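Reading through the structure tokens given below for one structure.
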Amino acid sequence: MPALVPAINKPPGTRQAAKRATNLSLSADVLDAAKALQINVSQVCDTHLREIVRLEQERRWRADHADFVAAYNSTIEAEGLPLDEWRGF
């Protein structure tokens, strides 16, 4: 069973997440330019990393459930939607 990874798909700004200090190694020229432009490096890194994690979680979910989705789609294609004959639209 794969390890559970907490979902972090809440939009930024909806609730302040706990923050933890960490060390990063960044290119000096880019960091200097960001500081000169008054870019909040911590916020940019957090926002971008949040999106990368969300995309990776989505990719893994799709990979983990691909067999089920394919089987379900095959069943729907062969048998139609459940209760389709009673649908009024």
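Since the model is a prediction, treat every value here as computed from it, not as a measurement. The residues of the chain are indexed from 1 along the displayed sequence.
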Exercise. For Asn73, does the CG atom sit with more than 12 other heavy atoms under 6.0 Å from it, leaving out its own atoms?
Worked result: yes

Exercise. How many angstroms lie between OG1 in Thr22 and CG in Asp46, if you round to the nearest 0.5 Å?
Worked result: 11.5 Å

Exercise. How long is the span from the CZ atom in Arg50 to the CG atom in Leu55, to the nearest 0.5 Å?
Worked result: 13.0 Å

For this session: Output the rest of the hydrophobic cluster of Ile39: all Ile, Leu, Val, Met, Phe, Trp and Tyr residues reachable through side-chain heavy-atom contacts under 4.5 Å, sorted by chain and number.
Result: Leu37, Val44

Problem set entry | Partner residues of Gln38 under the side chain to side chain contact (heavy atoms under 4.5 Å, CB included) criterion, sequence neighbours left out | none

Problem set entry | Atom pair CD1 (Ile52) and SG (Cys45), whose distance is rounded to the nearest 0.5 Å | 11.5 Å

For this session: Could you list the residues that satisfy side chain to side chain contact (heavy atoms under 4.5 Å, CB included) with Ala33, not counting sequence neighbours?
Result: none

Exercise. Does Ala70 offer a backbone N or O that forms a donor-acceptor pair with the side chain of Ser74 under 3.5 Å?
Worked result: no

